[in-house]
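Here's the structure we're looking at; comments come further down.
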Amino acid sequence: MRIALFGMLMGAIVCGSFAHAADIAAGKAKAELCIGCHGEGGISQTENIPSLAGQPDQFIQWQLVFFRSGTRKNEQMQPIVEQINNEDIRNLGAYFASLTPPKATKPDDNPDLSTKGAQAAAGRRCASCHTDTFAGTKAVARIAGQRKEYLLKALHDYKSSVRSGGGMAAMADVAYPLSEEEIEALAHYLAHL
């Protein structure tokens, strides 16, 4: 009797966990809403719009939750996130995390600026959250290979407290003391990784 009860309990747990597993194919279908801005395969070709390919699953999920709740505001995102439910959010996170992240498309035209950016990243301990490769992890963004102008915008938004959402306190502490030269160097360096 105990064995049968244990078996039924384990079966319910296993079946229940599969019912909540993310569906990458469903995420890909739902991502059709995202292509216009974030690009085919999650690689943006649009100024000030981030690439989503290769972003950590939890990071995508949290950002969508922040947009949907209004904690993070964006005119273009608001009507889209109003159309998605929690299952869509899980599926979109899994889908974008499964994609190959963007690589720098142009050679580094200013290696001295990249050296300054690497020094700024080390001095601000960016790797302590974004990992040594700046690929992000869990709810922390991948910043390696991100569009330069988007990185500039994000750093300026954190510095001026325009951007809110996950990691806001940590990013505000990091961005606020950055000089304009450090912001430019960081964005250049990270975009060329």
Side-chain angles (χ1 to χ4, degrees), residues 4-103 126 128-131 133-147 149-151 153-154 157-158 161-172 190:
L5 190 56
F6 178 77
M8 287 177 21
L9 178 60
M10 291 308 291
I13 290 170
V14 169
C15 288
S17 66
F18 285 120
H20 295 293
D23 182 341
I24 292 175
K28 182 178 182 179
K30 188 54 86 168
E32 290 296 317
L33 294 168
C34 311
I35 290 173
C37 295
H38 293 283
E40 192 73 41
I43 298 180
S44 173
Q45 303 300 315
T46 307
E47 187 175 345
N48 286 325
I49 303 291
S51 291
L52 300 179
Q55 286 291 348
D57 183 352
Q58 287 180 23
F59 174 75
I60 294 288
Q61 289 188 51
W62 276 112
Q63 296 312 303
L64 290 170
V65 168
F66 292 140
F67 280 123
R68 192 173 65 182
S69 71
T71 304
R72 188 168 173 200
K73 299 184 186 318
N74 180 285
E75 286 180 11
Q76 291 78 28
M77 286 295 297
Q78 214 55 50
I80 292 168
V81 295
E82 289 170 357
Q83 301 176 43
I84 61 176
N85 60 37
N86 291 342
E87 184 177 345
D88 294 332
I89 288 173
R90 279 190 296 278
N91 295 340
L92 284 164
Y95 170 66
F96 284 115
S98 75
L99 299 175
T100 302
K103 302 273 189 245
C126 299
S128 65
C129 293
H130 294 278
T131 75
T133 61
F134 303 103
T137 183
K138 298 181 182 172
V140 178
R142 171 185 192 79
I143 51 178
Q146 189 56 266
R147 297 180 60 83
E149 80 281 347
Y150 179 75
L151 292 167
K153 179 185 181 330
D157 287 353
Y158 279 121
S161 299
V162 168
R163 184 164 172 180
S164 61
M168 179 53 199
M171 282 305 301
L190 293 167

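Values in this document were obtained by computation on a predicted structure and should not be read as measured data.
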> Nearest 0.5 Å, what's the CE-OG distance between Met171 and Ser161?
Replying inline: 11.5 Å
> Between Val140 and His130, which heavy-atom pair has the shortest distance, and what is it?
Replying inline: CG1-ND1, 3.3 Å
> Could you state the interatomic distance from SG (Cys34) to CD1 (Ile84), rounded to the nearest 0.5 Å?
Replying inline: 7.5 Å
> So, Lys30 side chain and Gly27 main chain: donor-acceptor pair closer than 3.5 Å or not?
Replying inline: no
>> Let me confirm one number: the NZ-CH2 distance from Lys138 to Trp62, rounded to the nearest 0.5 Å.
In response: 13.5 Å
> Where do Leu190 and Phe134 come nearest, in terms of heavy atoms and distance?
Replying inline: CD2-CG, 3.8 Å
>> Looking at every non-hydrogen atom in both residues, tell me the closest pair between Pro101 and Arg142 and how far apart they are.
In response: CB-NE, 3.1 Å
> Which heavy-atom pair separates Thr137 from Cys129 by the least distance, and what is that distance?
Replying inline: CG2-O, 3.9 Å
>> Let me confirm one number: the CG-CD1 distance from Leu92 to Ile24, rounded to the nearest 0.5 Å.
In response: 11.5 Å
> Is a side-chain donor or acceptor of Gln55 paired with a backbone partner of Ala141 at a separation under 3.5 angstrom?
Replying inline: no
>> If you compare all heavy atoms of Asn91 against all heavy atoms of Asp23, which two are closest, and at what distance to 0.1 Å?
In response: OD1-N, 2.7 Å
> In Å, rounded to the nearest 0.5 Å, how long is the span from CE of Met77 to CZ of Arg72?
Replying inline: 8.0 Å
>> For a 4.5 angstrom cut-off between non-hydrogen side-chain atoms, does Glu32 reach Ile35?
In response: yes
Side-chain donor-acceptor pairs of residues 40-49 under 3.5 Å, sequence neighbours excluded:
| unit_1 | atom_1 | unit_2 | atom_2 | d |
| --- | --- | --- | --- | --- |
| Ser44 | OG | Thr46 | N | 3.1 |
| Ser44 | OG | Thr46 | O | 3.1 |
| Ser44 | OG | Ile49 | O | 2.8 |

> Is any side-chain heavy atom of Arg147 closer than 4.5 Å to a side-chain heavy atom of Pro50?
Replying inline: no
> To the nearest 0.5 Å, how far apart are CZ in Phe59 and CG in Leu52?
Replying inline: 8.5 Å
> For the residue pair Ala97 and Pro56, what are the closest heavy atoms and their distance?
Replying inline: CB-C, 4.3 Å
>> Just to verify, what does Lys153 make a side-chain hydrogen bond (donor to acceptor under 3.5 Å, both in side chains) with, not counting sequence neighbours?
In response: Asp157
> Sequence neighbours excluded, which residues qualify as side-chain hydrogen bond (donor to acceptor under 3.5 Å, both in side chains) partners of Asn86?
Replying inline: Arg68
